[in-house]
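What follows is one structure encoded as structure tokens, with my remarks underneath.
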Amino acid sequence: MKHKTNMNSSKENMKNIQVVNDEDPICHMKTAQFLKDTAVYKNKTYGFCSPYCKEEFKKNPENYAQK
Ligand SMILES: [Zn+2]
């Protein structure tokens with residue numbers, strides 16, 4: 001099997017992860033483009049642009065979680 005290196009797409013490695021939010025709830029960046037980290041809350045996977053935003057979410061998930 002040939003290993004193909006794709007240099008121009010940093011989101012490749014996260015593409016198989018389904019998140020429930022279109023936007024990072026902390027900074028409102030698009031998760032489709034900027035997904036770097038995820039957190040599971042009440043059986044839903046939320047995506048974030050950075051570990052920082054994930055930590056903010058985890059401090060007060062009720063505030064940010066979808067209904
Ligand atoms: Zn963010």
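Heavy atoms only: backbone and side chains are in, while hydrogens, waters and symmetry mates are out. Atoms within a ligand are numbered from 1 in the order they appear, just like the ligands themselves. Keep in mind it's a predicted model, so treat the numbers as computed, not measured.
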Are Met29 and Lys36 close enough that some pair of their side-chain heavy atoms sits under 4.5 Å apart? no
Would you say Cys49 reaches the Zn ion (ligand 1) with an N/O/S atom under 2.8 Å? yes
Calculate the angle formed at the Zn ion (ligand 1) by SG in Cys53 and SG in Cys27; 10° precision is enough. 130°
For N/O/S atoms only: which one belongs to Asp24 and is nearest the Zn ion (ligand 1)? OD2
Per the salt bridge (Lys or Arg N to Asp or Glu O under 4.0 Å) rule, what does the pair list look like for residues 17-29, sequence neighbours excluded? Glu23-Lys30
By side-chain contact (heavy atoms from CB on, under 4.5 Å) - contacts of Ser50 (at least two apart): Tyr52, Cys53
To the nearest 0.5 Å, tell me how far Phe57 CZ sits from Tyr46 OH. 5.0 Å
